Amino acid sequence: MSQVRVRFAPSPTGDFHIGSARTALFNWLYARHTGGVFILRIEDTDRERNTPEALRLLLDGMRWLGLNWDEGPEAGGEHGPYFQSERGDIYKEHLEKLREAGRAYDKDGAVWFKISDEPQVIEDAIRGRVERTEEKDFVIFRSNGAPVYHFTVVVDDIAMGITHVLRGEDHLSNTSKHTELFVAFGAPLPIFAHFPLILKSHGPGKMSKRDEGALIEDYQRRRFLPEAVRNYLCLLGWNPKDDSEVMSIDEIIERFGFTGINRNNARFDEKKLAHFNTEHLRLLPLETFTLMVRPDLDETGVVPEDTDEDYLQAVLGLCQEKVRSFPELPAYIGYFFNDNFEYAEKAHKKVFRKGDPPTRVRELLAALESLEDFSEVALEQTLQGLAEANGLYTGEYIHPARLAVSGTDAGPGLYALLRVLGKERTIRRLKRFVEKFG
RNA sequence: GUCCCGUUCGUCUAGCCGGGUCCAGGACACAGGGUUUUCAUCCCUGUAACAGGGGUUCAAAUCCCCUACGGGACGCCA
């Protein structure tokens, strides 16, 4: 069989939203799975509504998601141009063919396509056989001379040698118009595959640009991991049949196919997306994690410029598995880089509710000052030894210690925390606590 | 209104084609419990679904029909 050629054909009229992104994704996956060609074609025939800004958003979003195209804008290819606005001559030629065949006529200043009286049969790769009869002739060129979507899409799919048309179910009813045109041009039908739509999380209807969480741009801005968004999107309407969820893109490409695509619409769930983000965050090698979180750290300025790189790495290594997203990291690690952090009121109250924290911290300070080995094992032994010697629970030292060195009541395990902070910082902070609270 | 597509836990879904192994499995969310010095981690447990009705069959989530509901398309938008 000849090589698979699929296309994603958006119109740059607004934001790049999740539904479009998934259409692009499924086409891309199918191309990569089959070793085929993924084409990006810009459907900008509606001059009124297209904007360069929307195009930029689209290309950025595609790249962010890792959906590289083999032919299209900025990539070139032998079937260009890839902007419909530049394909006027091709449309005119094809219109002539229809006129010659007696299938096009003028009315009210527009050009109309004369439908056949045949019922159209669509062998859909996902839905099976679907029959639909077109009921009336439709416009293919507007009175302002611009060609209409149903016409351009078919002409381009023929001219670009598209073998498979993969798109949302919202196009299923239009497909009978398209098959009419394919037949009128004497062209073979591509294989159609219509997948389910993404419905909004709450309320009726499909997801639209106005809905919460609908924009790819939003996820870029909120620093989601593109592989997490992509992974989640793959599972909205497709599944590998064996309960696998968090997968590498190579694994998804390997397993992707029509048999795993569902027929019923899926509701978008931001909580599950957040879960994928957390999972993928944990999978990141520390060096990558460090590199990626840099912008968040720079933006908030929590890490001073002269910070030792090894120390930063150690801190991140400790905290990577504790956070659920990049933006929450700066606040989570702030105290590591600032000895003069504030003691959180809630944590302070909690710790001071019982026992004698200042005394415990003083005892701990004395013990740690003479401790050379700041390994977790040694620290643990020291604290436990101290507790035993004074007939107290280790918790009576641990909680005040945490408050004293971090100002909070939550965070990484205390021994690891102290190890990373190191002796000098730890001592300094314990002293500060003693000075402040006696 | 007409036509097209669909309907399994709150949500994403497995199972359906080739009916029995399904008093329906997994994940997210939620609830409870546990581990840990803490927590935003981790572990365990629990709650919870075959839209309804009719048929076919020894047997139906699985096959057929009807109804209801959901979604989509009916533009000189794409």
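Below, chains carry the letters A, B, ... as their sequence lines are ordered, and counting in each starts from 1. All values derive from a computational prediction rather than experimental measurement. Atoms considered below: every heavy atom in the structure, side chains included; atoms not considered: hydrogens, waters and symmetry mates.
A:Tyr232 and A:Phe268 have perpendicular rings, their planes meeting at more than 60° on a 0 to 90° scale where under 30° would count as parallel. Note on ring orientation: taking the six-membered ring where Trp is involved, the planes of A:Phe437 and A:Phe352 are tilted (angle from 30° to 60°). Using cut-offs of 30° and 60° on the angle between ring planes, the pair A:Phe289 and A:Phe326 is tilted.
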Could you write nucleotides 21-44 of chain B as a row of B, S and -, 5' to 3', where a protein heavy atom under 4.0 Å of any base atom gives B, of only sugar-phosphate atoms gives S, and otherwise -? ----BBBSS-------BBBBSS--
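In this structure, A:Leu67 and A:Leu40 have side chains that are not in contact, with every pair of non-hydrogen atoms separated by 4.5 Å or more.
Judged by the 6.0 Å distance and 45° axis criteria, A:Arg362 is not positioned over the aromatic ring of A:Phe433.
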Please determine whether ring pair (Phe, Tyr, Trp, His ring centres under 6.0 Å) holds for the pair A:Phe195 and A:Phe26, giving the CA-CA distance in whole Å, both sets of side-chain angles, and the decisive distance to 0.1 Å. CA-CA 9 Å; A:Phe195 37 77; A:Phe26 278 18; 5.0 Å; yes
Before you tell me yes or no, could you show the steps for A:Lys136 and A:Glu134 under salt bridge (charged side-chain N to carboxylate O under 4.0 Å, His left out), namely the whole-Å CA-CA distance, both residues' side-chain angles and the distance that decides it to 0.1 Å? CA-CA 6 Å; A:Lys136 49 185 201 275; A:Glu134 265 316 303; over 6 Å; no
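Across all strands shown, B:A68 is found opposite B:U7 as a Watson-Crick or G-U wobble partner, with both distances under 3.5 Å. Under the Watson-Crick or G-U wobble criterion, with both distances below 3.5 Å, B:A14 is left unpaired in every strand shown. Across all strands shown, B:C39 forms no Watson-Crick or G-U wobble pair with both key distances under 3.5 Å. The partner of B:G1 is B:C74, by the rule that a Watson-Crick or G-U pair needs both atom distances under 3.5 Å. The pairing partner recorded for B:C22 is none, the criterion being a Watson-Crick or G-U wobble arrangement whose two distances lie under 3.5 angstrom. Pairing for B:U56 is absent, with no Watson-Crick or G-U wobble pair whose two atom distances lie under 3.5 Å. As the counterpart of B:G46, B:C30 is assigned, both hydrogen-bonding distances of the Watson-Crick or G-U wobble pattern falling under 3.5 Å.
Nucleotides B:C28 and B:C66 place their P atoms 40 Å apart, quoted to the nearest Å. B:U11 and B:A68 have their C1' atoms separated by 23 Å, given to the nearest Å. Rounded to a whole angstrom, the distance from the P atom of B:U47 to that of B:C39 is 27 Å.
Listed candidates were B:A78, B:U13, B:G15. Nearest to the side chain of A:Lys241 is B:G15. Comparing B:G6, B:C76, B:A73 against the side chain of A:Ser173 picks out B:A73 as the nearest.
Residues A:Tyr82 and A:Glu71 bring a donor and an acceptor atom of their side chains to less than 3.5 Å of each other. Donor-acceptor pairing under 3.5 Å is lacking for the side chains of A:His17 and A:Ser208. A:Arg5 and A:His79 share a side-chain donor-acceptor pair at under 3.5 Å. For A:His194 and A:Arg167, the side-chain atoms include at least one donor-acceptor pair closer than 3.5 Å.
The nearest whole Å value for the distance from the CZ atom in A:Arg142 to the C1' atom in B:G75 is 9 Å. The CZ atom of A:Arg263 sits 10 Å away from the P atom of B:G15 (whole-angstrom rounding). The separation between A:Glu180 atom CD and B:A73 atom C1' is 16 Å, rounded to whole Å. Across the protein-nucleic acid pair, A:Tyr149 atom OH and B:G75 atom P stand 15 Å apart, rounded to whole Å. Regarding A:Asn262, its CG atom lies at a distance of 9 Å from the P atom of B:U7, rounded to whole Å. Distance CH2 (A:Trp238) to C1' (B:A14): 13 Å, rounded to an integer number of Å.
Residue A:Lys177 has no polar side-chain atom (N or O) positioned under 4.0 Å from OP1 or OP2 of B:A78. At least one side-chain nitrogen or oxygen of A:Asn239 sits closer than 4.0 Å to the OP1 or OP2 atom of B:A14. Distances shorter than 4.0 Å separate none of the side-chain N or O atoms of A:Ser176 from OP1 or OP2 on B:C4. In this structure, A:Asn264 reaches the B:U8 phosphate: one of its side-chain N or O atoms is under 4.0 Å from OP1 or OP2.
Residue A:His194 is out of contact with every strand shown, counting any heavy-atom pair closer than 4.0 Å.
When each of A:Gly260 and A:Pro147 is assigned the nucleotide of RNA chain B with its nearest heavy atom, A:Gly260 is the one assigned upstream, toward the 5' end.
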Report, one pair per line, the protein and nucleotides 61-71 of chain B atoms (nitrogen or oxygen only) whose separation is under 3.5 Å.
{"residue": "B:G71", "atom": "OP1", "partner": "A:Gly205", "partner atom": "N", "Å": "3.1"}
{"residue": "B:G71", "atom": "O2'", "partner": "A:Asn265", "partner atom": "ND2", "Å": "2.7"}
{"residue": "B:G71", "atom": "N2", "partner": "A:Glu169", "partner atom": "OE2", "Å": "3.3"}

